[in-house]
Amino acid sequence: MNRSGNGRLTLRELKRGELISAMQQADEEDDINKVLRLESGYFSYEHFYVIYCKFWELDTDHDFFIDRENLIRYGNHALTYRIVDRIFSQAPRKFAGDVEGKMGYEDFVYFMLSEEDKSSEPSLKYWFKCIDLDGNGVLTPNEMQFFYEEQLHRMECLALEPVLFEDILCQIIDMIAPKREDCITLQDLKGSKLSGNVFNILFNLNKFMAFETRDPFLIRQEREDPTLTEWDRFAHREYIRLSMEEDVEDASNGSADVWDESLEAPF
């Protein structure tokens with residue numbers, strides 16, 4: 001909701017969002033577990049559980065901070081080193097914590113929401129700032145190529161058929177249809193439904209490959225319920241997967257205690 005990114009909500013931003021009505025609905029519901037998709041999901045236990053488990057999984061020493069090497073493991077090593085370096089340079093967003101070279105939980109929440117739903121306006125701004133190396137408000141072919149070079153190298157290492165940047169640039173221009181062909185602005189990205197795929201092409205190999213070989217089942221799911229966001233779908237899939245893993249762990253341990261109390265981070 002905080003479009004200015006200063007960490008404070010203005011009255012206008014508050015009125016424009018659904019936070020007040022979501023608070024009211026949460027207040028009226030006795031069982032928080034039933035509150036899966038109140039408005040924008042602010043109070044969804046399902047969403048919280050997925051984010052917290054992902055953070056805890058990456059935070060190997062459980063000091064409630066993650067560093068570059070931790071984040072590189074996100075999404076089965078989906079991201080490139082170059083984009084992770086940009087995140088830790090705090091180009092898209094200044095970290096809330098003051099520990100050098102470390103990302104806190106609040107910073108991770110912002111990153112994860114941006115990574116898993118690249119169609120939202122805050123997400124587009126987040127990744128735009130990452131790719132805009134000189135901060136001049138436009139993405140040039142040279143800036144995009146800088147990030148895509150690592151993707152190309154990864155494809156070669158995995159013995160995948162490499163796609164040359166020249167071809168990728170043509171694909172991006174076709175998808176976004178920018179006002180100028182020599183650069184892309186944030187407004188250009190906001191005007192296209194395929195903007196998120198541009199960022200996946202540049203720094204997330206797993207999602208880039210998934211886009212190139214689109215799953216008919218997922219396409220059908222999206223058509224059946226177009227009101228759900230990419231984040232809603234991702235969080236629901238992950239919640240089911242994590243719940244199943246928890247059930248298996250409970251069965252193998254013969255106990256309902258999932259977390260080791262000696263390691264559990266404080267809320």
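Atom SG of Cys53 sits about 8.0 Å away from atom CZ of Phe48, to the nearest 0.5 Å. Here CD1 of Ile83 is found 6.0 Å from CD1 of Ile87. Values are rounded to the nearest 0.5 Å. Within the model, atoms SG of Cys157 and CG of Leu205 stand 10.5 Å from one another, a figure rounded to the nearest 0.5 Å. In this structure, Ile20 CD1 and Leu14 CG are separated by 4.5 Å, a value rounded to the nearest 0.5 Å. The CD1 atom of Ile172 sits 11.0 Å away from the OG atom of Ser192 when rounded to the nearest 0.5 Å. To the nearest 0.5 Å, atoms CD (Glu212) and CD (Gln171) are separated by 5.0 Å.
The closest donor-acceptor contact from the side chain of Arg233 to the backbone of Leu228 lies under 3.5 Å. Judged purely by atom type and a 3.5 angstrom limit, Asn2 uses its side chain to pair as donor or acceptor with the backbone of Arg8. Remark: the backbone N or O of Gly75 is paired with a side-chain donor or acceptor of Asn206 at under 3.5 angstrom. Using modelled atom types, one side-chain atom of Thr213 and one backbone atom of Met209 make a donor-acceptor pair closer than 3.5 Å. A donor-acceptor pair is defined here as one N or O able to donate and one able to accept, closer than 3.5 Å; no such pair exists between the side chain of Asp59 and the backbone of Trp56. At least one donor-acceptor pair closer than 3.5 Å links the side chain of Gln151 to the backbone N or O of Ile201. Side-chain N or O atoms of Ser114 include one that pairs as donor or acceptor with a backbone N or O of Tyr110 at under 3.5 Å. Judged by distance alone, the side chain of Asp132 and the main-chain N or O of Asn136 form a donor-acceptor pair under 3.5 Å. Listed for the Glu13 side chain is a donor-acceptor partner under 3.5 Å among the backbone atoms of Arg3. In this structure a side-chain-to-backbone donor-acceptor pair under 3.5 Å is present from Lys118 to Glu115.
Ring geometry for Tyr126 versus Phe111: interplanar angle of 30 to 60°, hence tilted. Ring planes of Phe64 and Tyr52: tilted class, angle from 30 to 60°.
Within a 6.0 Å radius of CZ in Phe146, more than 12 heavy atoms belonging to other residues, nucleotides or ligands are found. Atom NZ of Lys179 is surrounded by 12 or fewer heavy atoms from other residues, nucleotides or ligands within 6.0 Å. Applying the 6.0 Å contact sphere to CD of Glu181 captures no more than 12 heavy atoms from other residues, nucleotides or ligands.
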Might you work through the side chain to side chain contact (heavy atoms under 4.5 Å, CB included) test for Ile176 and Leu189, ending with a clear yes or no? CA-CA 6 Å; Ile176 303 302; Leu189 291 171; 3.8 Å; yes
Passes side chain to side chain contact (heavy atoms under 4.5 Å, CB included), Arg16 versus Met1? Steps please. CA-CA 8 Å; Arg16 250 176 30 181; Met1 290 173 60; over 6 Å; no
I would like to know whether Arg73 and Thr60 meet side chain to side chain contact (heavy atoms under 4.5 Å, CB included); could you show each step before the answer? CA-CA 11 Å; Arg73 294 189 294 108; Thr60 49; 3.1 Å; yes
Between Phe108 and Tyr74, is the side chain to side chain contact (heavy atoms under 4.5 Å, CB included) condition met? List the steps. CA-CA 11 Å; Phe108 180 77; Tyr74 183 86; 4.0 Å; yes
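Proximity of the aromatic rings of Phe55 and Tyr105 is defined here by a centroid distance below 6.0 angstrom, and this criterion is met.
The pair Asp85-Arg68 meets the salt-bridge criterion, since a charged nitrogen lies less than 4.0 angstrom from a carboxylate oxygen. Salt bridge status for Glu116 with Lys207: present, with a side-chain N to carboxylate O gap under 4.0 Å. Between Arg241 and Glu238 there is a salt bridge, since a side-chain N of the basic residue sits under 4.0 Å from a carboxylate O of the acidic one.
Each salt bridge (charged side-chain N to carboxylate O under 4.0 Å, His left out) pair with one or both residues in residues 147-176, not counting sequence neighbours, appears once here: Arg82-Glu149.
Under the 4.5 Å side-chain criterion, counting only non-hydrogen atoms from C-beta, Phe234 is not in contact with Asp117. Side-chain atoms of Pro141 and Asp182, non-hydrogen and from C-beta on, never get closer than 4.5 Å to each other. Side-chain contact between Asn204 and Trp127: absent, with no pair of heavy atoms (C-beta onward) separated by less than 4.5 Å. Side-chain contact between Asp232 and His47: present, with at least one pair of heavy atoms (C-beta onward) separated by less than 4.5 Å. At least one side-chain heavy atom of Glu46 sits less than 4.5 Å from a side-chain heavy atom of His236. Using a 4.5 Å cut-off on side-chain heavy atoms (C-beta onward), Ile131 and Phe203 make contact.
Between Ile72 and Leu79 the shortest heavy-atom distance is CD1-O, 4.1 Å. Of all heavy-atom pairs spanning Phe128 and Ile184, the tightest one is CE1-O, 3.7 Å. What you find for Asp188 and Pro178 is that their closest heavy atoms are OD2-CB, 3.4 Å.
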Show which side-chain atoms of residues 93-104 pair as donor or acceptor with protein atoms under 3.5 Å away, not counting sequence neighbours.
{"from": "Arg93", "atom 1": "NH1", "to": "Asp107", "atom 2": "OD1", "distance (Å)": "3.3"}
{"from": "Arg93", "atom 1": "NH2", "to": "Glu106", "atom 2": "OE2", "distance (Å)": "3.3"}
{"from": "Lys102", "atom 1": "NZ", "to": "Asp63", "atom 2": "OD2", "distance (Å)": "3.2"}

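Under a hydrophobic-cluster definition in which Ile, Leu, Val, Met, Phe, Trp and Tyr are linked whenever side-chain heavy atoms come within less than 4.5 Å, directly or via other members, Val198 and Val138 are assigned to different clusters. Cluster membership check: Ile51 does not share its hydrophobic cluster with Ile240, using side-chain heavy-atom separations under 4.5 Å among Ile, Leu, Val, Met, Phe, Trp and Tyr. Under the 4.5 Å side-chain heavy-atom criterion for grouping Ile, Leu, Val, Met, Phe, Trp and Tyr, Phe147 is connected to Leu158 within one hydrophobic cluster.
Residues meeting the ring pair (Phe, Tyr, Trp, His ring centres under 6.0 Å) test with Phe65, sequence neighbours left out: none.
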